[in-house]
Amino acid sequence: MDIKASLGGKAVLVAVSKTKPVEDILALYAEGQRDFGENYVQELVDKQLRVPSDIRWHFIGHLQSNKVRYIIGFIHLIHGVDSLSLLKEINKQAVKAGRVVDVLLQVYIAREETKFGLDPAELSDLVQTVQAAPEEWTNVRLRGLMGMASFSNNPDSIRSEFRTLKGLFDKYFAVSEPRPILSMGMSGDYQLAEAEGSTMVRIGSLLFGKRG
Ligand SMILES: *Cc1c(COP(=O)(O)O)cnc(C)c1O
């Protein structure tokens, strides 16, 4: 299935390779894919050493502050920032590494208990905290938002969750430069996500097959 063609070039495709072997990554790489996403720090670090260095690595899982330093030297985009303390640690480690690192704030839009993320009030607080003291945030750039819809068969409820996220994105990131990023959509709902304004989809099982 040609996901890239079905995306119509509107959204960046991040191939989610978690739990899959390096051979699978290299096969997609040979077809020209460069953006790959992983959820676990150790797995990402191991794989990153074994693949070409022009791969753009996306961290899409829940990042613990004490693990930031393992990925800070090479990570392209951290999708799941959901606290001020994590953002501080990323900035601190990025200073040490001499890099400016792009991050997305993760917003909680699903009705399930297990998902991480900020609620709208927490999002507002965090954005304001950063904007109030730009001189403290020399080495991170807030590039946009990330969210996950509920696991549901009801397209209307998924659509309304994506719409909520898009509304917040427009509120906080409409005028930012370079082009802001809205990371939403997975194997089961990426078409809905793109219709609702996603600029980046994270797709695993549709590309690599089901995870064991
Ligand atoms: C695993 C994962 C994906 C990909 O899920 P698929 O349903 O396999 O496409 C996307 N985003 C996040 C945050 C994930 O953890």
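All ligand and atom numbering here is 1-based and tracks the order in the structure.
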Enumerate the pairs of nitrogen or oxygen atoms, one from ligand 1 and one from the protein, separated by less than 3.5 angstrom; state names and distance to 0.1 Å.
unit_1, atom_1, unit_2, atom_2, d
ligand 1, 8 (O), Ser205, N, 2.8
ligand 1, 8 (O), Ser205, OG, 2.9
ligand 1, 8 (O), Arg211, NH1, 2.8
ligand 1, 8 (O), Arg211, NH2, 3.1
ligand 1, 9 (O), Ser187, N, 3.0
ligand 1, 9 (O), Ser187, OG, 2.5
ligand 1, 9 (O), Gly204, N, 2.8
ligand 1, 11 (N), Arg202, NE, 2.9
ligand 1, 15 (O), Lys18, NZ, 2.8
ligand 1, 15 (O), Asn39, ND2, 2.8

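A salt bridge is absent between Lys18 and Glu43; no separation between the charged side-chain nitrogens and carboxylate oxygens falls under 4.0 Å. Checked for salt-bridge contact, Lys166 and Asp170 meet the test: a charged N lies under 4.0 Å from a carboxylate O.
Relative to the ring axis of Tyr29, Arg34 places its NZ or CZ within 45° and under 6.0 Å from the centre.
Using a 4.5 Å heavy-atom cutoff, the side chains of Phe162 and Ile158 are in contact.
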### Query
Do Glu196 and Arg163 pass the salt bridge (charged side-chain N to carboxylate O under 4.0 Å, His left out) test, and can you show the C-alpha distance, the side-chain angles, and the key distance before you say yes or no?
CA-CA 6 Å; Glu196 295 304 325; Arg163 241 170 233 180; 2.9 Å; yes

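Partner of Ile72 under the side-chain contact (heavy atoms from CB on, under 4.5 Å) criterion, out of Arg99, Gln93, Lys96, Lys67: Gln93 alone.
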